[in-house]
There are 2 protein chains.
Amino acid sequence: MASQKPVPRIVVSRLPVYLRALQHMAQEGKVVTSSQELAQRLGTTSAQIRKDLSYFGEFGRQGMGYEIGYLMQQLRRILHVDREWPVALVGAGDLGHALANYAGFPPEGFRIVAVFDNDPKKIGQTMAGLTIQDSAHLREVIARERLKVAIIAVPASGAQAVADELVAGGVRAILNYAPITLNVPEGVQVQYVDPVVHLQRMTFYLDDE
Amino acid sequence: MASQKPVPRIVVSRLPVYLRALQHMAQEGKVVTSSQELAQRLGTTSAQIRKDLSYFGEFGRQGMGYEIGYLMQQLRRILHVDREWPVALVGAGDLGHALANYAGFPPEGFRIVAVFDNDPKKIGQTMAGLTIQDSAHLREVIARERLKVAIIAVPASGAQAVADELVAGGVRAILNYAPITLNVPEGVQVQYVDPVVHLQRMTFYLDDE
DNA sequence: TGTTGTGAATGACTTCACAGCG
DNA sequence: CGCTGTGAAGTCATTCACAACA
């Protein structure tokens with residue numbers, strides 16, 4: 001029986017990694033796997049994978065393991081990625097350009113449908129097939145298109161203001177590439193990508209010579 | 001007295017975020033702060049900040065708080081970022097381009113000193129002032145330059161092979177932008193940036209309408 | 001007084017270990 | 001027999017709450 005307990009955030013954070021590994025297995029033609037095999041690939045333990053999945057239901061067969069296609073489908077449902085998510089991208093610099101053209105989004109159901117910048121030289125130009133819009137219209141467009149997901153790829157100095165506009169327009173999930181901690185209301189999700197922070201998390205462990 | 005207990009990874013992972021916030025405060029001209037103020041900015045608790053810092057020493061003054069410049073300096077020392085780290089960048093696509101030109105690295109002591117790609121059309125060209133080198137020479141160059149830190153910005157299909165070469169050359173910390181879990185030896189640090197994974201960690205919490 | 005640093009208490013997460021089932 | 005699903009045990013992390021001190 002699946003647990004009714006609240007799902008720890010850390011469990012949720014691992015599910016996309018499981019899903020990604022299952023997709024790779026499927027591409028390799030594998031049909032069935034086990035918590036053991038998956039754990040080995042991911043550098044974790046079979047018990048952790050089984051326990052994580054147990055928060056949501058029973059997806060395996062005793063003695064058999066997991067049917068990869070079925071488990072992928074279930075994880076997509078759990079993560080709410082069994083649909084298309086239209087995404088707003090704010091910032092049309094080098095990083096925004098890379099994100100707008102990233103081939104990894106469409107197959108996963110994330111579709112960038114609007115790009116914003118506040119640079120007059122960029123507004124009106126085209127990026128990845130989309131017209132760059134003035135950030136001044138951010139809130140209005142977000143609200144009209146009912147966008148719930150956005151990516152911030154602007155400098156730190158403008159990021160909080162952008163976040164405020166996004167939230168005011170109705171955005172509930174922000175992937176933030178600006179090197180600053182955002183202040184958002186309860187219930188608005190934020191994920192941070194700051195290469196400097198990520199590098200500093202590793203240099204700690206490097207020998208001090 | 002500072003604790004002698006082993007430092008939890010999760011504590012280390014928060015230090016760069018504290019450092020970043022302190023830098024912003026310093027830019028605003030602030031000289032002193034408190035665990036309370038810092039916690040408010042970062043959406044955490046003062047107790048957590050004090051406890052985290054207590055693993056490394058005593059950096060504040062009772063009744064007074066923390067001298068921002070001093071605490072920054074101490075965090076830089078703890079994180080081993082009180083020096084220059086030369087970094088190898090593998091992958092000269094859109095993302096590699098954005099990273100090579102990222103203005104946020106130099107002020108933090110991270111300097112991209114070598115760029116690699118395996119595309120004959122790109123090898124020999126210049127990117128951010130560096131000549132793009134053939135990935136075939138990856139291990140050799142890494143070893144010769146004694147590089148300990150690298151960034152992977154290649155497609156998933158090539159990422160494990162790149163990681164193997166990096167590690168063979170002596171790299172001990174990898175910032176991986178490829179959407180795949182890397183298999184590396186004990187002691188080699190890896191940080192993952194996969195926008196799809198980050199987005200999926202948030203869509204879980206979005207209403208299921 | 002205000003704020004740190006920290007043991008103690010609480011809470012969360014991971015691992016164990018095994019019943020149960022295919 | 002092999003592997004899942006899961007309570008129970010064990011470990012780790014956060015929060016509490018207060019002595020100590022500028």
Side-chain angles (χ1 to χ4, degrees), chain A residues 1-15 17-18 21-22 25 30-75 78 201 204, chain B residues 1-18 21-22 25 30-75 78 201 204-205:
Chain A
M1 245 250 19
S3 166
Q4 306 306 329
K5 283 185 270 185
V7 182
R9 294 190 75 81
I10 195 160
V11 169
V12 173
S13 78
R14 285 191 290 257
L15 299 184
V17 178
Y18 299 165
L22 291 165
M25 287 179 170
K30 291 189 68 74
V31 173
V32 168
T33 188
S34 65
S35 58
Q36 184 56 243
E37 182 183 41
L38 198 48
Q40 191 148 23
R41 285 226 188 187
L42 296 178
T44 180
T45 66
S46 60
Q48 175 145 92
I49 291 174
R50 293 200 305 278
K51 179 66 100 180
D52 285 354
L53 296 177
S54 78
Y55 282 95
F56 305 98
E58 305 186 5
F59 307 115
R61 294 212 189 163
Q62 285 155 336
M64 296 285 125
Y66 300 90
E67 203 276 298
I68 290 173
Y70 177 69
L71 185 51
M72 285 169 54
Q73 177 191 318
Q74 292 301 309
L75 285 173
I78 292 162
R201 284 173 178 164
F204 174 85
Chain B
M1 248 264 356
S3 165
Q4 306 307 326
K5 284 185 267 186
V7 182
R9 294 188 75 83
I10 194 159
V11 169
V12 173
S13 78
R14 285 190 290 258
L15 300 184
V17 178
Y18 299 165
L22 290 166
M25 286 178 170
K30 291 190 69 72
V31 172
V32 168
T33 188
S34 65
S35 58
Q36 185 56 246
E37 183 183 39
L38 198 47
Q40 192 147 21
R41 285 225 188 186
L42 297 178
T44 179
T45 66
S46 60
Q48 174 144 92
I49 291 173
R50 294 200 304 279
K51 178 67 100 179
D52 285 353
L53 295 177
S54 77
Y55 281 95
F56 305 97
E58 305 188 4
F59 307 114
R61 294 214 190 161
Q62 285 157 336
M64 296 286 123
Y66 301 89
E67 201 276 299
I68 290 174
Y70 176 70
L71 185 50
M72 286 170 55
Q73 176 191 319
Q74 291 302 308
L75 286 173
I78 292 162
R201 284 174 178 162
F204 174 85
Y205 298 99

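Quick note: numbers below take in every heavy atom, side chains included, and nothing from hydrogens, waters or symmetry partners. Residue numbers start from 1 in every chain, and the chains themselves are labelled A, B, ... in the order their sequence lines are given, proteins ahead of strands.
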Which whole-number value in Å describes the distance from A:Glu37 CD to D:dT4 C1'? 15 Å
Write down the distance between CZ (B:Phe59) and P (C:dG5), rounded to a whole number of angstrom. 8 Å
Polar contact flag, side-chain donor to acceptor under 3.5 angstrom, B:Ser46-B:Arg50: yes
Return the minimal non-hydrogen interatomic distance between B:Phe204 and A:Phe56, and the atom names on each side. CE1-CE2, 3.7 Å
Send over the distance from B:Ile49 CD1 to C:dT6 P, rounded to a whole Å. 16 Å
Hey, is the side chain of A:Ser35 poking within less than 4.0 Å of OP1 or OP2 on D:dT4, counting only N and O atoms? yes
Among D:dT6, C:dA8, D:dT4, which is the nearest nucleotide to the side chain of B:Lys51? C:dA8
In terms of the nearest nucleotide of DNA chain C, which residue is placed more toward the 5' end: A:Arg61 or A:Thr45? A:Thr45
Do A:Gln62 side-chain and D:dT4 base share a donor-acceptor contact under 3.5 Å? yes
A:Leu53 atom CG is separated from C:dT15 atom P, nearest whole Å, by 15 Å
How far apart are the closest heavy atoms of B:Ala21 and B:Leu38, and which atoms are they? CB-CD1, 3.8 Å
Give A:Ser46 one of three labels, base, sugar-phosphate or nothing, depending on what nucleic acid heavy atoms sit under 4.0 Å from its own. nothing
Give the rounded distance in Å between these two atoms: CE of B:Met64 and P of C:dT4. 11 Å
Correct closest heavy-atom pair for B:Pro6 and B:Tyr55 would be O-CE2, 3.9 Å
Taking only the side-chain nitrogens and oxygens of A:Ser34, find out if one of them lies under 4.0 Å from OP1 or OP2 of D:dC3. no
Work out which heavy atom in A:Tyr18 is nearest to a heavy atom in A:Gln48; give both atom names and the distance. OH-CG, 3.9 Å
So, OP1 or OP2 of D:dT14: does either fall under 4.0 Å of a side-chain N or O from B:Gln48? yes
Ignoring the backbone of B:Ser54, work out which of C:dT6, C:dG22, D:dG5 is nearest its side chain. C:dT6
Whole-Å distance between D:dA19 C1' and B:Glu58 CD? 13 Å
Can you tell me which nucleotide in D:dT6, C:dC13, C:dT4 comes closest to the side chain of A:Pro8? C:dC13
Nearest non-hydrogen partners of B:Val32 and B:Met64, listed with the distance: CG1-O, 3.6 Å
Select base, sugar-phosphate, or nothing to describe what B:Arg14 touches, counting heavy atoms under 4.0 Å on all strands. sugar-phosphate
By nearest-heavy-atom nucleotide on DNA chain C, the more 5' of B:Gln36 and A:Arg9 is B:Gln36
Tell me: NZ of B:Lys5 to P of D:dT11, nearest whole Å? 15 Å
At 4.0 Å (heavy atoms only), tell me whether A:Arg50 reaches a base, stays on the sugar-phosphate, or touches nothing. base
May I ask you to evaluate whether B:Tyr66 reaches the phosphate of C:dG2, defined as a side-chain N or O under 4.0 Å from OP1 or OP2? no
May I have the distance from B:Ile10 (atom CD1) to D:dT15 (atom P), rounded to whole angstrom? 10 Å
By nearest-nucleotide position on DNA chain D, the 5'-leaning member of A:Asp52 and A:Gly63 is A:Gly63
